[in-house]
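Values reported hereafter were calculated over all heavy atoms of this structure, with side chains retained and with hydrogens, waters and symmetry mates removed.
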Amino acid sequence: MDSRASTEMITVPAGQVTLSDRRTQRSWVVDLAPCRLATHPVTQLLYAQVTGEHPGTARGDQLPVEGVSWWDAVRFCNALSQQEGYTPAYRLQPGDDDIEGIGGGEGGGGIEWDATADGYRLPTEAEWEHACRAGTSGPRYGALDEIAWYRGNSAESIREVGAKRPNPWGLHDMLGNVWEWCWDIYDAEVYGTYRALRGGGWFDEHWSCRASVRRRSHPTFRVDDVGFRIARSLTHRPSTVRPRS
């Protein structure tokens with residue numbers, strides 16, 4: 001098995017995506033700057049090489065890392081940025097990831113995102129959905145069995161990254177295999193600091209593996225079907241959000 005960890009990324013072009021919230025029945029348009037996005041979720045090999053840790057229960061270098069919290073993911077992003085000579089995207093204070101110490105900071109959760117930094121970070125929900133759709137308009141970018149590991153074909157087990165057909169922009173496993181942490185708070189009014197997850201996982205039914213489906217989890221929770229994918233900014237121009245009915 002290849003012993004080299006990969007941070008292969010592709011450029012996601014600028015674009016526009018409409019997000020929606022089922023609870024409030026609200027939708028909004030986000031204009032997106034281009035960014036870089038990893039071609040597949042972070043693997044166990046890469047995570048171990050950066051952190052020295054082997055979280056989760058499954059074992060395999062090319063399996064997606066799982067059993068990682070949102071805080072684990074943002075700390076990984078900063079560590080990888082430092083290793084590769086980039087400016088870390090996140091400013092964290094000691095104790096910020098304590099269960100009782102979460103609060104404040106840009107975006108909530110006791111953390112600041114430096115939008116001028118060139119380091120690795122989590123994608124926003126809007127970036128994730130725009131990249132997942134890759135110019136397509138349906139719920140998926142292809143036939144589900146061809147593009148995703150889900151309950152119907154995974155034998156209820158996590159699978160190696162990159163084994164299924166990529167989307168039109170060359171991104172693998174955007175649907176299925178593991179849910180992916182995003183930067184955004186899910187619904188602060190109801191769920192507080194819970195963060196958004198996207199993509200569906202190896203144990204999910206087909207209806208959860210769609211570009212628009214959202215899931216939530218507390219930023220300290222670690223679950224065996226949740227991993228993450230890394231992104232990098234290309235410009236300092238922020239995304240623009242435009243309200244919609």
Check your understanding: Can you find a heavy atom in the side chain of W70 that is under 4.5 Å from one in the side chain of S217?
Key -> no
The reported gap from CD in E112 to CG in L92 (rounded to nearest 0.5 angstrom) is 9.5 Å
In terms of heavy-atom contacts, A188 and I185 come closest through N-CG2, 3.8 Å
Consider only side-chain heavy atoms of I, L, V, M, F, W and Y, link residues closer than 4.5 Å, and tell whether V68 and L197 are in one cluster.
yes
Closer than 3.5 angstrom, by distance alone: can the side chain of T136 be matched with the main-chain N or O of R133 as a donor-acceptor pair?
yes
Would you say L32 and I10 are hydrophobically clustered, going by side-chain heavy atoms of ILVMFWY under 4.5 Å?
no
**Report entry** Heavy-atom donor-acceptor pair, H40 side chain to E8 backbone, under 3.5 Å
**Finding:** no
inquiry  = Quick check against the 3.5 Å criterion: does H172 have a side-chain atom that pairs as donor or acceptor with the backbone of K164?
reply    = yes
I want to check something: taking the side chain as every heavy atom from C-beta on, are F221 and Y194 in contact at a cut-off of under 4.5 Å? yes
When N177, D204, D145 are each screened for side chain to side chain donor-acceptor pair (under 3.5 Å) with Y150, the one that passes is D145
Side-chain contact test, heavy atoms from C-beta onward, threshold under 4.5 Å: evaluate it for D21 versus W28 and give yes or no. yes
CD (Q83) and OG1 (T7) are apart, to the nearest 0.5 Å, by 10.5 Å
Are side-chain heavy atoms of E189 and R23 found at a separation under 4.5 Å? yes
S212 and E129 have their tightest heavy-atom pair at CA-OE1, 4.0 Å
Quick one, S233 with R121, criterion side chain to side chain donor-acceptor pair (under 3.5 Å). Give me CA distance, side-chain angles, the key distance, then yes/no. CA-CA 8 Å; S233 299; R121 59 178 177 81; 2.9 Å; yes
Output for pair (R198 CZ, M174 CE), nearest 0.5 Å, gives 9.5 Å
Q.
Test of understanding: clusters of I, L, V, M, F, W, Y form through side-chain heavy atoms closer than 4.5 Å, transitively. Do Y90 and L80 belong to the same one?
A. yes
Q.
Is there a path of hydrophobic side-chain contacts, each under 4.5 Å between heavy atoms, that joins I111 and L122?
A. yes
CD1 (I147) and CZ (R165) are apart, to the nearest 0.5 Å, by 6.5 Å
TODO: Establish, from distance only, whether the side-chain atoms of S69 and D72 form a donor-acceptor pair under 3.5 Å.
DONE: yes
Notebook entry, point to check: Are any non-hydrogen side-chain atoms of E160 and T43 less than 4.5 angstrom apart?
Noted result: no
Exercise for review: Is it possible for you to say whether V178 and V223 belong to one hydrophobic cluster, with membership spreading through side-chain heavy-atom contacts below 4.5 Å?
Suggested key: no
**Q.** Residue R59 excluded, over 12 heavy atoms near CZ under 6.0 Å
**A.** yes
Here the gap from H130 atom NE2 to L37 atom CG, rounded to the nearest 0.5 Å, amounts to 10.5 Å
- [ ] Examine distances only and state if a side-chain atom of Q44 and a backbone atom of L63 form a donor-acceptor pair shorter than 3.5 Å.
- [x] no
Only residue of Y186, W71, W183 satisfying side chain to side chain contact (heavy atoms under 4.5 Å, CB included) with R195 is W183
dist R151:CZ -> W202:CH2 (nearest 0.5 Å) comes out at 9.0 Å
Closest non-hydrogen atoms of L144 and C209, given as atom of the first, atom of the second and distance, are CD1-CB, 3.9 Å
ask   = How about C182 and E127: do any of their side-chain heavy atoms sit closer than 4.5 Å?
value = no
Closest non-hydrogen atoms of V65 and P55, given as atom of the first, atom of the second and distance, are CG2-CG, 3.6 Å
Practice prompt. Fit a plane to each ring of F228 and F76, take the angle between them on a 0 to 90° scale, and name the class: parallel (under 30°), tilted (30 to 60°) or perpendicular (over 60°).
Written response: perpendicular
Exercise for review: Check whether any side-chain heavy atom of D173 sits under 4.5 Å from a side-chain heavy atom of R229, and report yes or no.
Suggested key: yes
Original post:
Is any side-chain heavy atom of Y120 less than 4.5 Å from a side-chain heavy atom of M9?
Top reply: yes
Determine whether a donor-acceptor pair (N or O, by modelled atom type, separation under 3.5 Å) exists between the side chain of D184 and the backbone of E125. yes
Closest non-hydrogen atoms of L175 and C132, given as atom of the first, atom of the second and distance, are CD2-SG, 3.9 Å
Query raised in the report: Stepwise, does the side-chain contact (heavy atoms from CB on, under 4.5 Å) test hold for R91 with D114?
Result: CA-CA 7 Å; R91 299 192 186 103; D114 179 2; 3.4 Å; yes
- Report the C-alpha distance between D225 and R215 in whole Å, list the side-chain angles of each, state the deciding distance to 0.1 Å, and finish with yes or no for salt bridge (charged side-chain N to carboxylate O under 4.0 Å, His left out). CA-CA 12 Å; D225 65 348; R215 176 179 162 184; 3.0 Å; yes
* Within 45° of the axis and under 6.0 Å from the centre of the six-membered ring of Y191, does NZ or CZ of R216 qualify? -> yes
Minimal heavy-atom distance between S27 and T18, with the atoms involved, is CB-CG2, 4.2 Å
